[in-house]
Structures are given as structure tokens and as C-alpha cells.
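When a residue number appears, it is its place in the shown sequence, counting from 1. What's counted below: heavy atoms across the whole structure, side chains too, no hydrogens, waters or symmetry copies. The model shown is predicted, which means the values in this text are computed figures rather than measured ones.
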Amino acid sequence: MSIIQRWRDRGRRARAIAHAEGLLQQGHYESAAAELLPLVDADPADSIVARKVIEAYAELGRGDDVAARLATLIEADAQQVTLVNNASFDDMRATDAFRAVYEAAIRAITAQLTDAPDDSAARLLLAEYYEALGDSSAAHAEYTRLGQDDDPGTRGRAAYLAARLHLSDGDTERAAACLRDAVLAAPELLASCRADEAFAPLFGSGVMEELEAGALAAQEDSLRARVADAPDNPLPRRRLVALLRARGRDEEALTLMHVALEDFPTDAELLEAQADCLFDLARYDEALTSYQESLRLHQGRPWPVYRSGAIYEQQGMHDAARSAYWDALDTTRDDAAVALLISRGMARIDDRPGVFEALRRAGQLSATLREPSPEDMLASMAASEEFDAYRQEPEFASVVAELEAERSVNAAGL
């Protein structure tokens, strides 16, 4: 073929694609497909054109044509195997016609794994497609192989998916064993387990509680190892302190913080964590000293000022508490949750102007930053008994109305 002929062919192809693009944009899917079919029939590996034809058929709801064209494209170009999970095909993947697509994808991935047997992403996809075809044995074989991977995240993911598959087969015992392996390899998967309705048969069996205890223990061991391996990095110590406190082990956390602050005496987060721990242990004088030390080293942080006010309030020093709450509010620029806490404190000491000023600040920050969301702010306000004496006040109703308006905007997706 001459160069001139190739140019002519390319020109015709470009014009056909451009015309089809216009038809697609106008919703003329049938005409767009007809425009492009001669091109894709001439070159099945032309993924650009083939994908547009498949897109048109998907819009028309022609599942059989989508499946046939997609299987042909994957056979011609194995790189297109990722198209299988495109959201456009959600309503078609369970049809008999789509089996041809899964079979083509499996052949493509299997060929790819011949040259790259350690490609864990491809092997996970292969197992997924075996599951889609109902071949549990083949899927489990892939999950077993992935369970030997060097990456703990890959091992955890494979065990998690194997557990789901065992549950779909009704084997709760093996599912629980796989879940234990998953959480042991990747403790962060525990949250996914609890949110995944596929694991509902295990929710009342005590397995989840066992996994949670194991995950927390593994997380603690990991953090302690990181503290030992990186003595110059305060981050693992902060995280270990937070973990111990979350588990109610305040005395252990306090001991750890004393040691950490010898190495990092000006670390603001550690200082505030130490003060918070002392506060929760009702060691208020020591907590106040720690908050003041934190403020001396790191001015402008509202949390230690607010907590100092809470200590003064606890000790019956309401004038000092009021002053601290106002000072904390003056420095609260990006934390709606703290502003709400300040408002509750103002309510407890009956500082009416402070209640509404802090509430307005909390509402504005929530509307702007969405953390916490207006929905969560409204729920917190409704649950706070401190506001009972103020709920009928116009200022309180105004904040509620503004938050409800923001909630409506969120619900409308605007």
C-alpha cells in the first residue's frame, strides 16, 4: 500500500470517528455504531473504535452485542481486559452472554501470567473472573497462591476474598479461618470486614470480636517495633499512645509519654496527649500544668485553652473558666467540634452570649469545612443536654436553621 493510500485511509478513519463522536453526543447510538462497524470489523484490535462501538451498544442496552464485541476486543488486545469491570456493564455482567467476556479475559490474563507469574494484581483479577464463572476451585487456587505473596497487603486481600467465597459456598468455618489470616496480614481489613454484609453469618459468632482483639494486638506490636526501630521519629510514639488510650490503658500511655517527652520535649501532640490523659484520670492539677506547658511552647492552639477552662470549671472557678473559654473561641479558626465543645462549656457556666457566639462559629465552620458535617453537628446539638435551656431562643434556632439548610444542600447533591 502506498503512502498516499495510507494517508487517505487514515483520513477516512478520522472523519468516521469524528462523525460518530457527534452522533454519540447527540444520543444517536444506533447510527454511531453503524458508522464505526466497518472500521472495527476491518481491524478488531483498533481499541479506540471498538470501545466507542461497545459504548453505543451499552447505551442501547444491547447486552449480547456488548458482550460479543468486548470478548472480540479482549481476544485482539489483551490490555483491554480492564474494561470488563466498567460500570456501564453492571446490568449485563450477570447475563449468559457475558460468560464469553469472562472466558476471553481469563485466557488473556493467563497468557499474561505466563510471562509475569508474580503479577499479583493480574492474579487477583483472574480469581475474580473465575468466581464470576462459578469456578470456585480455580478461584481458591489463585487465592492460595496469592497467600504466599511477599506483600502482606496482597496476602490479606487474597485471604479476605477467599473468606467471602467460602461464605458464598456456606463454609463458615473455613471463612472464619481465612478472615483470621486476612486480618493478621493486614489489620486494617477489619473495618472492611465489619462493613461487609457478606460476612453477616459471622457477626454473632464471636469471630469479629476475636479478630478485633487480634488486630489491635498486631497493631500494637507493629507500633512498638516501629518505636524501637525509629527512636528519632515521634510519629510511632504518638500513634502508640493513641492506641493505648483508645483501649482504656491510660496508665500505660502515661508512662510511655513520660519517656517520649524526654526525647521530644517540645512535641505539641505528645504534650497535649499527656495532658488529656491526666485529665481523663482526674489528675486535674497535673493536667493543667501540662496544658500550660503546651501553650507556652505552642501558642495559638485552642484545645489546651479549652481544656484549661474545663479544669477551672471542674474546680468551681467559673470566672477563670469563662475567660479560658472565650480565649479558646478567639483562637478557634478551623475546628467546628472544638467550637461546639466551647459552646457546651459556656452553657454549663450560664454564659449566654458565649453559648450563641460559639454555636455560630461551630455552624459556620461546619458549613465551610464539612468536618464534622452539618448532619453530625445537628445530631450532637440535639444530644447535648447543656443546650436544653437555650433551644427555644431565636439565636439557637437560627444556627439550627442554617445547619438544616446546609444539610438539605448536601442531600440534593449540590
Would you call the rings of Tyr390 and Phe356 parallel, tilted or perpendicular if under 30° counts as parallel and over 60° as perpendicular? perpendicular
Closest non-hydrogen atom pair, Leu295 against Gln299: O-CG, 3.2 Å
So does Gln364 get a backbone contact from the side chain of Thr368, meaning a donor-acceptor N/O pair under 3.5 Å? yes
Please report the shortest heavy-atom distance between Glu371 and Ala336, naming the atom on each side. O-CB, 4.1 Å
Using modelled atom types only, decide if a donor and an acceptor are shared between the side chain of Thr154 and the backbone of Asp150 within a distance under 3.5 Å. no
Is it the case that the side chain of Thr72 and the backbone of Ala68 share a donor-acceptor pair, with hydrogens and angles ignored and the cut-off at 3.5 Å? yes
Are the side chains of Ile109 and Leu113 in contact, using a 4.5 Å heavy-atom criterion? yes
Distance, nearest 0.5 Å, that separates OG of Ser290 from CG of Leu278: 5.0 Å
Are any of the side-chain heavy atoms of Glu293 and Leu297 separated by less than 4.5 Å? yes
With a 4.5 Å heavy-atom cut-off, do His318 and Asp350 have their side chains touching? no
May I ask you to establish whether Arg307 and Phe279 are in a cation-pi arrangement, using a distance under 6.0 Å from NZ or CZ to the six-membered ring centre and at most 45° from the ring axis? yes
How long is the gap from CG on Leu256 to CG on Leu270, to the nearest 0.5 Å? 8.0 Å
I need the minimum non-hydrogen distance between Glu393 and Arg352, along with the two atoms involved. OE1-NH2, 2.8 Å
Would you say the side chain of Leu243 lies within less than 4.5 Å of the side chain of Leu223, judging by non-hydrogen atoms? yes
Any donor-acceptor pair under 3.5 Å from Ser168 side chain to Leu165 backbone: yes
For Val66 and Val101, run side chain to side chain contact (heavy atoms under 4.5 Å, CB included): C-alpha distance rounded to whole Å, both residues' side-chain angles, the deciding distance at 0.1 Å, then the answer. CA-CA 9 Å; Val66 167; Val101 178; over 6 Å; no
Looking at OH of Tyr130 and CG of Asp135, how far apart are the two atoms once the value is rounded to the nearest 0.5 Å? 7.0 Å
Salt bridge Asp263-Arg237, side-chain N to carboxylate O under 4.0 Å: yes
Is it the case that the side chains of Glu313 and Tyr325 hold a donor-acceptor pair, with the cut-off being a distance below 3.5 Å and no angle test? yes
Got a salt bridge between Asp149 and Arg155, using NZ or NE/NH1/NH2 to carboxylate O under 4.0 Å? no
Between Phe199 and Phe203, does the ring centre distance come in under 6.0 Å? no
Is there a donor in the side chain of Gln274 and an acceptor in the side chain of Tyr291, or the other way round, less than 3.5 Å apart? no
Could you measure the distance from the CD atom of Glu210 to the CG atom of Leu202? Nearest 0.5 Å is fine. 10.5 Å
Would Arg360 and Glu357 count as a salt bridge (Lys or Arg N to Asp or Glu O under 4.0 Å) if you check the C-alpha gap in whole Å, the side-chain angles of each, and the deciding distance to 0.1 Å? CA-CA 5 Å; Arg360 280 191 290 270; Glu357 182 62 28; 3.2 Å; yes
Report the C-alpha separation of Arg370 and Glu406 in whole Å, then their side-chain angles, then the decisive distance to 0.1 Å, and conclude whether the salt bridge (Lys or Arg N to Asp or Glu O under 4.0 Å) test is met. CA-CA 10 Å; Arg370 293 296 195 270; Glu406 289 294 332; 2.9 Å; yes
Would the distance check show the side chain of His298 and the main-chain N or O of Thr266 forming a donor-acceptor pair, the cut-off being under 3.5 Å? yes
Does atom CG of Asp388 have more than 12 heavy-atom neighbours from other groups under 6.0 Å away? yes
Please report the C-alpha distance between Arg407 and Glu375 in whole Å, then the side-chain angles of each, then the deciding distance to 0.1 Å, and finally whether the salt bridge (Lys or Arg N to Asp or Glu O under 4.0 Å) criterion is met. CA-CA 6 Å; Arg407 179 174 63 182; Glu375 294 87 344; 5.8 Å; no
Heavy atoms of Phe387 and Ser343 approach each other most closely as CE2-OG, 3.4 Å
Flag side-chain contact, heavy atom, 4.5 Å: Arg249 against Glu220: yes
Decide yes or no on salt bridge (Lys or Arg N to Asp or Glu O under 4.0 Å) for Glu272 and Arg301, but give the supporting numbers first. CA-CA 10 Å; Glu272 289 185 20; Arg301 296 170 66 90; 2.4 Å; yes
Side-chain heavy atoms of Trp303 within contact of Asp335, under 4.5 Å: no
Determine whether more than 12 heavy atoms belonging to other residues, nucleotides or ligands lie under 6.0 Å from atom CD of Glu385. no
Donor-acceptor check, side chain of Ser31 to backbone of His28, threshold 3.5 angstrom: yes or no? no
Once you round to the nearest 0.5 Å, how far does CZ of Arg322 lie from CG of Asp351? 5.0 Å
For the residue pair Ser384 and Arg391, what are the closest heavy atoms and their distance? O-NH2, 2.7 Å
Under 3.5 Å: donor-acceptor pair, side chain of Arg361, backbone of Leu329: yes
Where Ala162 and His140 come nearest, the two heavy atoms and their spacing: O-CE1, 3.6 Å
Is it the case that atom CD in Gln392 sees more than 12 heavy atoms from other parts of the structure closer than 6.0 Å? no
Return yes if some donor-acceptor pair links the side-chain N/O of Arg123 with the main-chain N/O of Pro117 below 3.5 Å, else return no. yes
Stepwise side chain to side chain donor-acceptor pair (under 3.5 Å) test for Asp196 and Tyr160: CA-CA 11 Å; Asp196 192 337; Tyr160 180 94; 2.7 Å; yes
Just checking Gln292: does its CD atom have more than 12 heavy atoms from other residues, nucleotides or ligands closer to it than 6.0 angstrom? yes
Taking the side chain as every heavy atom from C-beta outward, state whether Leu70 and Phe89 have any atom pair closer than 4.5 Å. yes
Basic-acidic side-chain contact under 4.0 Å: Arg51, Glu55: no
Starting from the C-alpha separation in whole Å, work towards a yes-or-no answer on side chain to side chain donor-acceptor pair (under 3.5 Å) for Tyr102 and Glu128. CA-CA 10 Å; Tyr102 288 125; Glu128 177 186 337; over 6 Å; no
Answer yes or no: does atom CD1 of Ile48 have more than 12 heavy-atom neighbours from other residues, nucleotides or ligands under 6.0 Å? no
Once rounded to the nearest 0.5 Å, what's the spacing between atom CD1 of Ile54 and atom CG of Leu73? 5.0 Å
Candidate pair Leu37 and Arg69, rule side chain to side chain contact (heavy atoms under 4.5 Å, CB included), full reasoning: CA-CA 10 Å; Leu37 278 175; Arg69 289 289 170 181; 3.2 Å; yes
If you define the side chain from C-beta out and look only at heavy atoms, does anything of Asp327 sit under 4.5 Å from Tyr306? no
Could you check Leu124 against Glu142 for side chain to side chain contact (heavy atoms under 4.5 Å, CB included), going step by step and ending with a plain yes or no? CA-CA 7 Å; Leu124 280 168; Glu142 297 302 327; over 6 Å; no
Using modelled atom types and a 3.5 Å cut-off, is there a donor and acceptor pairing between side-chain atoms of Asp119 and backbone atoms of Ala121? yes
For side chain to side chain contact (heavy atoms under 4.5 Å, CB included), just list the numbers for Met257 and Leu254, CA-CA rounded to whole Å, side-chain angles, deciding distance to a tenth of an Å, and then say yes or no. CA-CA 5 Å; Met257 280 183 282; Leu254 197 57; 4.2 Å; yes
Can you tell whether the side chains of Arg107 and Glu75 come within less than 4.0 Å, N to carboxylate O? yes
